[in-house]
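First up is the structure itself, then whatever we jot down about it.
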Amino acid sequence: MPIAQNPLSVEVTLPREDVALLKVEGYLDVDTATEFQHHLANQLHHGRRHFLLDLSEVPFMDSSGMNIILRVYQEARDLPGSVHIISPAPAVLRVLDLTGVSITVPVSESVEEALSRVDAEPEGPRLPDA
């Protein structure tokens, strides 16, 4: 079986105890989405509540990638926590905008901006949307 033409690389760092920064490189599509999902699930399992997704090195993302982002957004919201997309490549930002994902999941220009948004979020359980 041939190796994926566009392998995905995910580097995880912890800027804070409950914050995971995932720097993603490569195509985020049906062939690589499961690997991305495993990294996110591992961080959830280790108690991370806030997820910073650096997509600056992702030239292409399909609905598989978007679905995983929305799924982790929902799981993090229930903790309560958050998901932030950082510096998406232009083609990825266009997809996020066209699908409305960028309205739901905040997009930041830098890790510092995303961390300041994490700090500005109220603590405590979220009430269900009316």
Side-chain angles (χ1 to χ4, degrees):
M1 180 170 236
I3 295 178
Q5 296 239 341
N6 297 300
L8 189 71
S9 165
V10 180
E11 178 185 322
V12 180
T13 56
L14 305 175
R16 299 186 188 158
E17 181 63 29
D18 64 344
V19 178
L21 169 60
L22 289 86
K23 182 162 181 51
V24 185
E25 290 184 36
Y27 283 47
L28 188 46
D29 58 19
V30 68
D31 293 327
T32 60
T34 303
E35 181 181 347
F36 181 51
Q37 185 173 10
H38 286 306
H39 284 283
L40 289 165
N42 185 44
Q43 292 307 310
L44 276 166
H45 176 76
H46 284 92
R48 312 294 177 244
R49 298 184 316 122
H50 302 284
F51 299 86
L52 312 182
L53 310 177
D54 182 340
L55 303 182
S56 60
E57 300 296 322
V58 175
F60 173 81
M61 180 173 67
D62 70 6
S63 60
S64 304
M66 284 186 300
N67 287 335
I68 290 169
I69 290 171
L70 289 172
R71 216 174 299 140
V72 76
Y73 170 81
Q74 190 62 49
E75 288 184 47
R77 244 184 93 183
D78 293 342
L79 290 174
S82 62
V83 175
H84 301 268
I85 296 170
I86 300 170
S87 298
V92 172
L93 180 59
R94 180 167 162 74
V95 170
L96 294 170
D97 287 346
L98 287 172
T99 58
V101 173
S102 61
I103 294 169
T104 304
V105 182
V107 177
S108 299
E109 290 297 315
S110 67
V111 172
E112 294 75 22
E113 180 184 341
L115 284 171
S116 68
R117 287 180 170 195
V118 168
D119 292 341
E121 291 170 2
E123 288 296 321
R126 297 207 181 213
L127 299 175
D129 292 338

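- Rounded to the nearest 0.5 angstrom, L44 CG and Q37 CD are separated by 10.0 Å.
- Side-chain atoms of R49 never come within 3.5 Å of backbone atoms of V19 as a donor-acceptor pair (strictly under, hydrogens ignored).
- When atom types are taken as modelled, the side chain of S56 and the backbone of A89 share no donor-acceptor pair closer than 3.5 angstrom.
- Taking CG from N67 and CE from M61, the interatomic distance works out to 9.5 Å, rounded to the nearest 0.5 Å.
- Closest approach of G26 and P59 over heavy atoms only: O-CD, 3.6 Å.
- Considering all non-hydrogen atoms of both residues, Y73 and T104 come closest at CE2-CG2, 3.4 Å.
- Distance alone, capped at 3.5 Å, places no donor-acceptor pair between the D29 side chain and the F60 backbone.
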Checklist line | From CA spacing to verdict: side-chain contact (heavy atoms from CB on, under 4.5 Å), S102, I85 | finding: CA-CA 8 Å; S102 61; I85 296 170; over 6 Å; no
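- The two residues A33 and I68 have their closest heavy-atom pair at O-CD1, 3.0 Å.
- In this structure, H46 contributes its side chain and N42 its backbone to a donor-acceptor pair below 3.5 Å.
- Between L14 and A20, the shortest heavy-atom distance links the atoms CD2-CA, 4.0 Å.
- Within the model, atoms CD of E121 and NE2 of H50 stand 6.0 Å from one another, a figure rounded to the nearest 0.5 Å.
- Expressed to the nearest 0.5 Å, how far NZ of K23 lies from CG of L53 amounts to 12.0 Å.
- Contact record, S82 with A76: N-CB, 3.8 Å, taken as the closest heavy-atom pair.
- Contact annotation: the side chain of L8 never approaches that of H39 to less than 4.5 Å [non-hydrogen atoms, C-beta and beyond].
- The side-chain contact (heavy atoms from CB on, under 4.5 Å) test with L40 singles out one residue from V83, V72, V12, and that residue is V72.
- Taking the side chain as every heavy atom from C-beta outward, V107 and D97 never approach each other to under 4.5 Å.
- Results of the side-chain contact (heavy atoms from CB on, under 4.5 Å) test with L22 over I86, V10, D54 single out V10 as the only residue that passes.
- Considering only heavy atoms from C-beta on, T99 stays 4.5 Å or farther from L70 through its side chain.
- Here R117 pairs with E113 in a salt bridge; the nearest charged N to carboxylate O distance falls below 4.0 Å.
- Taking CD from E35 and CG from L28, the interatomic distance works out to 10.0 Å, rounded to the nearest 0.5 Å.
- Taken from CG in L55 to CD1 in I69, the straight-line distance is 5.0 Å, to the nearest 0.5 Å.
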